[in-house]
Amino acid sequence: MADKLRTQQELERLQAKYIGTGHPDTSSWEWRTNIARDTYSSIVGHPPQLAYISLAQGEPSAKVRAQLLRKMVQPCGPPPPREE
């Protein structure tokens, strides 16, 4: 029983520390948005990845970087209407 409690406390600590891990009330839209933003920021933050993607698309790195930054605003479209 103590292991289960310790595991639950560790999960709660990680969820408080890292936003992307979610919590029981996280919707699928919020989770997908966090994952997409993490991916885009990782690509923008690692120049070799950005160069690879820009080469594959045949676009300049600056243009691809700008596109990814724009996508970070709403990567999964507008949020769904809230049910109350």
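Since the model is a prediction, treat every value here as computed from it, not as a measurement.
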Enquirer: Could you tell me which residues satisfy salt bridge (charged side-chain N to carboxylate O under 4.0 Å, His left out) with Lys63, sequence neighbours excluded, listed by chain and number?
Expert: Glu59
Enquirer: According to side-chain hydrogen bond (donor to acceptor under 3.5 Å, both in side chains), who are the partners of Glu12, at least two apart in sequence or on a separate chain?
Expert: Gln8
Enquirer: Could you tell me which residues satisfy side-chain contact (heavy atoms from CB on, under 4.5 Å) with Thr39, sequence neighbours excluded, listed by chain and number?
Expert: Ile35, Ile43
Enquirer: Measuring from atom CZ of Arg37 to atom CD of Gln74, what distance do you get when rounded to the nearest 0.5 angstrom?
Expert: 8.0 Å
Enquirer: List the atom pairs, with distances to 0.1 Å, where a side-chain N or O of residues 64-71 and a protein N or O form a donor-acceptor pair under 3.5 Å, not counting sequence neighbours.
Expert:
none

Enquirer: Could you tell me which residues satisfy side-chain hydrogen bond (donor to acceptor under 3.5 Å, both in side chains) with Ser61, sequence neighbours excluded, listed by chain and number?
Expert: Ser54
Enquirer: Looking only at heavy atoms, which two atoms of Pro75 and Met72 are closest? And how far apart?
Expert: CD-O, 3.5 Å
Enquirer: If you compare all heavy atoms of Trp29 against all heavy atoms of Pro78, which two are closest, and at what distance to 0.1 Å?
Expert: NE1-O, 3.6 Å
Enquirer: Please give me the minimum heavy-atom distance between Gln49 and Ser42, naming the atom from each residue.
Expert: OE1-O, 3.3 Å
Enquirer: Only counting residues at least two apart or in another chain, list the ones meeting side-chain hydrogen bond (donor to acceptor under 3.5 Å, both in side chains) with Glu10.
Expert: Arg13
Enquirer: Just wondering, do His46 and Leu50 contact through their side chains at under 4.5 Å, heavy atoms?
Expert: no
